[in-house]
S.K.: 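Questions regarding the structure given below will be posed in turn.
Source: prediction; values computed, not measured. Labels below follow one simple rule: chain letters A, B, ... track the order of the sequence lines, proteins then strands, and each chain is numbered from 1.
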Number of protein chains: 2
Amino acid sequence: MHKMNSKNKTFIDKLRSSGLRPTNQRVEISKFLFNRKKTFHFTVEELKNSMNLKRSKKISTATFYNTVHALKSAGYLKEFSLENNTSYYDTNIKSHHHFFDNGKVIDIKSDKITFHKLPDAPKGKKIKNVEVVIRLENNN
Amino acid sequence: MHKMNSKNKTFIDKLRSSGLRPTNQRVEISKFLFNRKKTFHFTVEELKNSMNLKRSKKISTATFYNTVHALKSAGYLKEFSLENNTSYYDTNIKSHHHFFDNGKVIDIKSDKITFHKLPDAPKGKKIKNVEVVIRLENNN
DNA sequence: ACATACTTTAGAATAATTATAAACTAGTTA
DNA sequence: TAACTAGTTTATAATTATTCTAAAGTATGT
Ligand SMILES: [Mn+2]
Ligand SMILES: [Mn+2]
Ligand SMILES: [Zn+2]
Ligand SMILES: [Zn+2]
């Protein structure tokens, strides 16, 4: 049952180092999420549907939620919000910015935006991070 | 039944000019939302609970949702998202920025943040607005 | 191989929101 | 002012995203 090639090794280590047993489901999900060049922004439903589409034995909804939460806790995913009441996840865990274009999300590297003026944190507080959303619309 | 003083006039006009009949419920909700000095950030549940607490005849959940949506469509409220799957509304309809401090939201006037560098919009697109979230944490 | 803690899963439960459709009301008109 | 009608409110059902539960299955250490 356990097919294991060297490609999976990375994902297995990633999971193990987070205290997660590398079950088949978790390895498959990790491969799907992290085995790509570009950042991936997704909802759990989207992830579930696109992965299960091509599988005979479906992974359960609960496992998708569990795994995404575990990867988020382990620091491999970041959560963010659009303005519909659904959680989105981001495979780019560095602090960065976004274009929002009608539900489509595009990364902006942190160094592409710099500030001329920023307010101080209220007393007793400090700034954890600063993230920018640039909302787009069609020309004309 | 219809108590109407000059204070309500403003709200009635606001509603009328948006094509909304100024029913008692809508006037009460508008007063509650807009009759204050500071920006108000809220969820529909929060609004409903705080308003209904002090009323003998409760306003229904559906009316809170309907009215908030109507006010949003009319441009009197803006919607935004924190990272739980709930919609928040903002009585400050101008483009502006926020501090997020453990679920607490604080306005930052637009002119308190200026940019040194900003990316261009992808081709075919233009920038609709730029909004910044500054996440806070406690000192030390 | 055995034990055991961890994991997966179907299904129930919950929370936020939207839809439905009957009763009610504001603004208009006769 | 009575009647009319379109718009509104409401209780309740339905939907969507998510979390919980507990039983069955599996990974890892011995
Ligand atoms: Mn929701
Ligand atoms: Mn939800
Ligand atoms: Zn991103
Ligand atoms: Zn605000």
Side-chain angles (χ1 to χ4, degrees), chain A residues 1-4 8-9 11-30 42-52 55-74 77 79-89 103, chain B residues 1-4 8-9 11-30 42-52 55-74 77 79-89 103:
Chain A
M1 220 87 318
H2 293 251
K3 185 171 13 162
M4 174 161 342
N8 292 3
K9 184 63 167 39
F11 302 107
I12 293 179
D13 290 345
K14 203 174 227 185
L15 291 167
R16 255 192 228 297
S17 71
S18 312
L20 301 172
R21 286 186 185 173
T23 60
N24 285 321
Q25 292 90 331
R26 284 174 180 166
V27 173
E28 298 267 351
I29 293 172
S30 296
F42 63 95
T43 68
V44 174
E45 280 298 306
E46 287 168 0
L47 174 65
K48 184 187 85 174
N49 292 334
S50 51
M51 284 195 66
N52 275 344
R55 314 182 100 244
S56 44
K57 179 160 193 339
K58 313 297 188 195
I59 298 174
S60 72
T61 303
T63 294
F64 282 105
Y65 276 99
N66 290 342
T67 302
V68 166
H69 290 161
L71 291 171
K72 188 201 163 191
S73 295
L77 289 175
E79 191 176 359
F80 67 100
S81 276
L82 253 44
E83 43 265 300
N84 49 10
N85 36 54
T86 310
S87 284
Y88 280 76
Y89 294 89
Chain B
M1 220 89 314
H2 293 250
K3 188 172 7 166
M4 171 161 346
N8 290 3
K9 186 63 167 37
F11 303 107
I12 292 179
D13 289 346
K14 203 174 226 184
L15 291 167
R16 254 190 229 298
S17 72
S18 310
L20 301 172
R21 286 187 185 171
T23 61
N24 284 321
Q25 291 90 331
R26 284 175 179 166
V27 173
E28 298 266 351
I29 293 171
S30 296
F42 64 94
T43 68
V44 174
E45 280 299 305
E46 288 166 358
L47 174 64
K48 184 187 84 171
N49 292 335
S50 49
M51 282 195 67
N52 275 343
R55 315 182 98 243
S56 43
K57 179 155 193 343
K58 314 296 187 194
I59 297 173
S60 73
T61 302
T63 293
F64 281 105
Y65 276 99
N66 290 342
T67 301
V68 166
H69 289 161
L71 290 171
K72 187 201 165 191
S73 295
L77 290 174
E79 191 176 359
F80 68 100
S81 275
L82 253 45
E83 43 266 298
N84 49 12
N85 36 54
T86 309
S87 284
Y88 280 76
Y89 295 88

S.K.: Tell me the interatomic distance from B/Leu15, atom CG, to C/dG27, atom C1', rounded to whole angstroms.
M.R.: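 Between C1' of C/dG27 and CG of B/Leu15: 15 Å.
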S.K.: I need the OH-P distance between B/Tyr65 and D/dA14, as an integer number of Å.
M.R.: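 Interatomic distance, OH of B/Tyr65 to P of D/dA14: 18 Å.
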S.K.: Looking at side-chain heavy atoms only, is the closest gap between B/Val44 and B/Tyr89 below 4.5 Å?
M.R.: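 B/Val44 vs B/Tyr89: side chains touch.
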S.K.: Polar-atom pairs under 3.5 Å, protein N or O versus N or O of nucleotides 28-30 of chain C: list them with distances, or write none.
M.R.:
none

S.K.: Would you mind telling me which residue lines up with the more 5' stretch of DNA chain C, B/Glu79 or B/Pro22, judged by nearest nucleotide?
M.R.: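 On the 5' side of the pair lies B/Glu79.
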S.K.: I need the CG-P distance between A/Leu71 and C/dT7, as an integer number of Å.
M.R.: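 Computing the A/Leu71:CG to C/dT7:P distance gives 12 Å.
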S.K.: Can you run down the salt bridge (Lys or Arg N to Asp or Glu O under 4.0 Å) pairs that involve residues 15-27 of chain A, sequence neighbours left out, and say none if there aren't any?
M.R.: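 Listed once each, the pairs would be none.
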S.K.: Holding to side-chain hydrogen bond (donor to acceptor under 3.5 Å, both in side chains), I want the full list of residues that pass it with B/Thr61, two or more places apart in sequence or in another chain.
M.R.: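 With sequence neighbours excluded, B/Thr61 shows a side-chain hydrogen bond (donor to acceptor under 3.5 Å, both in side chains) to B/Lys48, given in chain and number order.
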S.K.: Are B/Ile29 and B/Met51 side-chain neighbours, meaning at least one heavy-atom pair lies under 4.5 Å?
M.R.: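 Counting from C-beta outward, B/Ile29 and B/Met51 do come under 4.5 Å.
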S.K.: Taking only the side-chain nitrogens and oxygens of B/Ser87, find out if one of them lies under 4.0 Å from OP1 or OP2 of C/dT17.
M.R.: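 Looking at the OP1 and OP2 atoms of C/dT17, one of them is under 4.0 Å from a side-chain N or O of B/Ser87.
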S.K.: Which pair of heavy atoms, one from A/Leu82 and one from A/Gly103, lies closest together, and at what distance?
M.R.: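 Scanning both residues completely, I find the closest heavy atoms to be CD2-O, 4.0 Å.
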S.K.: Rounded to the Å, how far apart are B/Tyr88 OH and C/dA16 C1'?
M.R.: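 Distance, rounded to whole Å: 12 Å.
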S.K.: Would you mind reading off the distance between A/His69 atom NE2 and D/dA17 atom P, rounded to a whole angstrom?
M.R.: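 A/His69 atom NE2 is separated from D/dA17 atom P by 14 Å.
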S.K.: In this structure, how many angstroms lie between the P atom of C/dA16 and the CG atom of B/Leu82, rounded?
M.R.: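 Computing the B/Leu82:CG to C/dA16:P distance gives 14 Å.
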S.K.: Considering all heavy atoms of both residues, which atom of B/Leu15 and which atom of B/Ser30 are nearest to each other, and what is their separation?
M.R.: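 For B/Leu15 and B/Ser30, the tightest heavy-atom pair comes out as CD2-OG, 3.7 Å.
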S.K.: Of the non-hydrogen atoms in B/Phe64 and B/Ile59, which two are nearest, and what is the gap between them?
M.R.: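 For B/Phe64 versus B/Ile59, the nearest heavy atoms are CE1-O, 3.3 Å.
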S.K.: Under the side-chain hydrogen bond (donor to acceptor under 3.5 Å, both in side chains) rule, collect the residues that match up with B/Ser87, sequence neighbours excluded.
M.R.: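 Partners of B/Ser87 by the side-chain hydrogen bond (donor to acceptor under 3.5 Å, both in side chains) criterion, ordered by chain and then number, come out as B/Glu79.
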S.K.: Identify each atom pair where a protein N or O and an N or O of nucleotides 8-10 of chain C are less than 3.5 Å apart, giving names and distance.
M.R.:
from: C/dT8; atom 1: OP1; to: A/Thr23; atom 2: OG1; distance (Å): 2.4
from: C/dT8; atom 1: O3'; to: A/Gln25; atom 2: NE2; distance (Å): 2.8
from: C/dT9; atom 1: OP1; to: A/Gln25; atom 2: NE2; distance (Å): 3.4
from: C/dT9; atom 1: OP2; to: A/Ser60; atom 2: N; distance (Å): 3.1
from: C/dT9; atom 1: OP2; to: A/Ser60; atom 2: OG; distance (Å): 3.3
from: C/dT9; atom 1: OP2; to: A/Thr63; atom 2: OG1; distance (Å): 2.9

S.K.: Checking A/Ser17 now: which residues fulfil side-chain hydrogen bond (donor to acceptor under 3.5 Å, both in side chains) with it, not counting sequence neighbours?
M.R.: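 Per chain and number, A/Ser17 pairs via side-chain hydrogen bond (donor to acceptor under 3.5 Å, both in side chains) with A/Tyr76.
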S.K.: Nearest whole Å is fine: how far is D/dT19 P from A/Glu45 CD?
M.R.: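 Computing the A/Glu45:CD to D/dT19:P distance gives 12 Å.
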S.K.: Figure out the CD1/P separation between B/Ile29 and D/dT9, and round it to whole Å.
M.R.: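 That distance rounds to 8 Å.
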S.K.: Could you work out which one of C/dG27, C/dT17, D/dT18 sits closest to the side chain of A/Thr86?
M.R.: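 Of C/dG27, C/dT17, D/dT18, D/dT18 is nearest to the side chain of A/Thr86.
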S.K.: Touch check for B/Thr43, heavy atoms < 4.0 angstrom, all strands: base, sugar-phosphate only, or nothing?
M.R.: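 Touches nothing.
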